[in-house]
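Side-chain atoms are counted along with the backbone in the values below, which use heavy atoms only and exclude waters and symmetry mates.
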Amino acid sequence: MRKEIMIGVCFCVAGVLCACFFGYEYFVTYGFLNEYHMQSFAGADLDSKALLANIIWERGKFFLLLSIAAMTPVKKIIPLVLRCGICFTAGIFLAACMLNMGVAGFAFFICSWFPHGVLYLIAIILILHVDIHSLYNRKNLLLKRVALYSGVVSAILLGCVFESVLGVRLLRWVILWLENR
């Protein structure tokens with residue numbers, strides 16, 4: 001377990017260093033978190049239905065590919081690859097937030113991953129850590145598989161709803177809080 005945590009920490013630090021050394025000018029001058037983009041996001045009138053549909057489409061593609069890959073022998077390395085990718089991306093995003101907003105960028109970073117990120121992680125854990133083949137030759141096979149898949153789908157859909165509704169409101173609140181500071 002310590003190795004896995006250290007691998008995640010190393011990839012997170014690598015993401016921070018990459019953003020600071022190679023992406024400093026991009027994130028500060030031209031990046032998506034500069035003052036213009038933040039004010040545009042805070043003042044935008046978003047169509048929540050269209051946003052929800054887009055989020056479901058984007059997350060659905062990822063989780064469908066993950067579910068298909070989880071049924072192959074590649075399943076053994078997927079958790080490590082996902083952990084490394086998530087930690088590296090989180091490091092880059094954390095550095096970008098803090099380069100543009102200072103220490104208050106940490107609040108923006110946390111609000112951009114919470115609460116929908118927790119539900120997505122639950123769905124990933126259910127997909128990767130439940131051995132579907134162990135459900136065969138058991139009583140109530142169909143019931144167990146339906147319960148597993150409905151849990152995954154409900155976690156994904158609830159995460160999409162939280163991301164489109166609650167996530168947007170949290171990020172707008174943080175942006176307005178940063179402007180009024």
Side-chain angles (χ1 to χ4, degrees), residues 4-5 7-9 11-16 18-19 27 31-34 37-70 75 78-130 146-179:
E4 294 172 351
I5 292 173
I7 289 172
V9 168
F11 270 88
C12 189
V13 169
V16 169
C18 282
F27 287 124
F32 59 94
L33 291 173
N34 63 17
H37 285 102
M38 300 296 273
Q39 289 174 349
S40 297
F41 176 75
D45 184 27
L46 298 174
D47 180 20
S48 58
K49 290 179 183 179
L51 180 63
L52 179 61
N54 186 30
I55 290 172
I56 289 173
W57 173 253
E58 293 299 324
R59 303 304 177 259
K61 289 188 296 188
F62 170 75
F63 282 107
L64 180 65
L65 289 174
L66 183 65
S67 297
I68 292 170
K75 179 181 179 175
I78 291 175
L80 179 63
V81 171
L82 274 176
R83 185 177 308 114
C84 294
I86 289 171
C87 289
F88 186 75
T89 305
I92 288 176
F93 190 63
L94 176 63
C97 290
M98 294 186 81
L99 284 172
N100 285 302
M101 298 172 235
V103 178
F106 189 72
F108 186 83
F109 173 77
I110 295 296
C111 288
S112 69
W113 286 70
F114 185 79
H116 57 277
V118 176
L119 292 167
Y120 294 151
L121 285 176
I122 289 170
I124 289 172
I125 289 169
L126 284 174
I127 290 171
L128 294 177
H129 293 291
V130 174
V146 167
L148 172 68
Y149 292 132
S150 63
V152 168
V153 169
S154 62
I156 293 168
L157 288 177
L158 194 59
C160 290
V161 169
F162 279 3
E163 185 175 1
S164 68
V165 177
L166 190 60
V168 170
R169 287 187 181 152
L170 276 173
L171 291 178
R172 282 185 177 167
W173 179 79
V174 169
I175 292 169
L176 293 175
W177 175 72
L178 288 172
E179 288 178 359

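- For the atom pair CH2 of Trp177 and CG of Leu171, the computed distance is 13.5 Å after rounding to the nearest 0.5 Å.
- Residue pairs meeting the salt bridge (charged side-chain N to carboxylate O under 4.0 Å, His left out) criterion with at least one partner in residues 159-173, sequence neighbours excluded, are Arg59-Glu163.
- Closest approach of Phe63 to Ala123, counting heavy atoms only: CE2-CB, 3.9 Å.
- Nearest heavy-atom pair across Ala69 and Ile78 is CB-CD1, 3.5 Å.
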When the side chains of residues 43-58 are checked against the rest of the protein, which donor-acceptor pairs come out under 3.5 Å, sequence neighbours left out?
none

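- For Val153, the side chain to side chain contact (heavy atoms under 4.5 Å, CB included) test picks out Leu157, with sequence neighbours left out.
- Every pair tested for salt bridge (charged side-chain N to carboxylate O under 4.0 Å, His left out) that includes a residue from residues 107-128 fails, sequence neighbours excluded, so the list is empty.
- Partners of Phe162 by ring-ring contact (aromatic ring centres under 6.0 Å, His included), not counting sequence neighbours: none found.
- The structure places OG of Ser67 at 9.0 Å from CG of Leu65, a figure rounded to the nearest 0.5 Å.
- Residue Phe108 comes nearest to Cys97 through the heavy atom pair CD2-SG, 3.5 Å, listed as atom of the first residue, atom of the second, then distance.
- Open room surrounds CZ on Phe114; 12 or fewer heavy atoms of other groups in view lie less than 6.0 Å from it.
- For the atom pair Leu121 CG and His116 NE2, the distance stands at 10.0 Å (nearest 0.5 Å).
- Residues Ala70 and Leu128 come closest through the heavy atom pair CB-CD2, 4.0 Å.
- Counting non-hydrogen atoms of other residues, nucleotides and ligands closer than 6.0 Å to CZ of Phe109 gives a total above 12.
- Taking every heavy atom of both residues into account, Ser154 and Gly151 meet most closely at OG-O, 3.0 Å.
- In this structure, CG in Leu119 is found 5.0 Å from CG in Leu158, a value given to the nearest 0.5 Å.
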Could you list the donor-acceptor pairs under 3.5 angstrom formed by side chains in residues 82-94, with sequence neighbours left out?
from: Thr89; atom 1: OG1; to: Gly85; atom 2: O; distance (Å): 2.8

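- Between Trp113 and Val118, every side-chain heavy-atom pair lies at or beyond the 4.5 Å cut-off.
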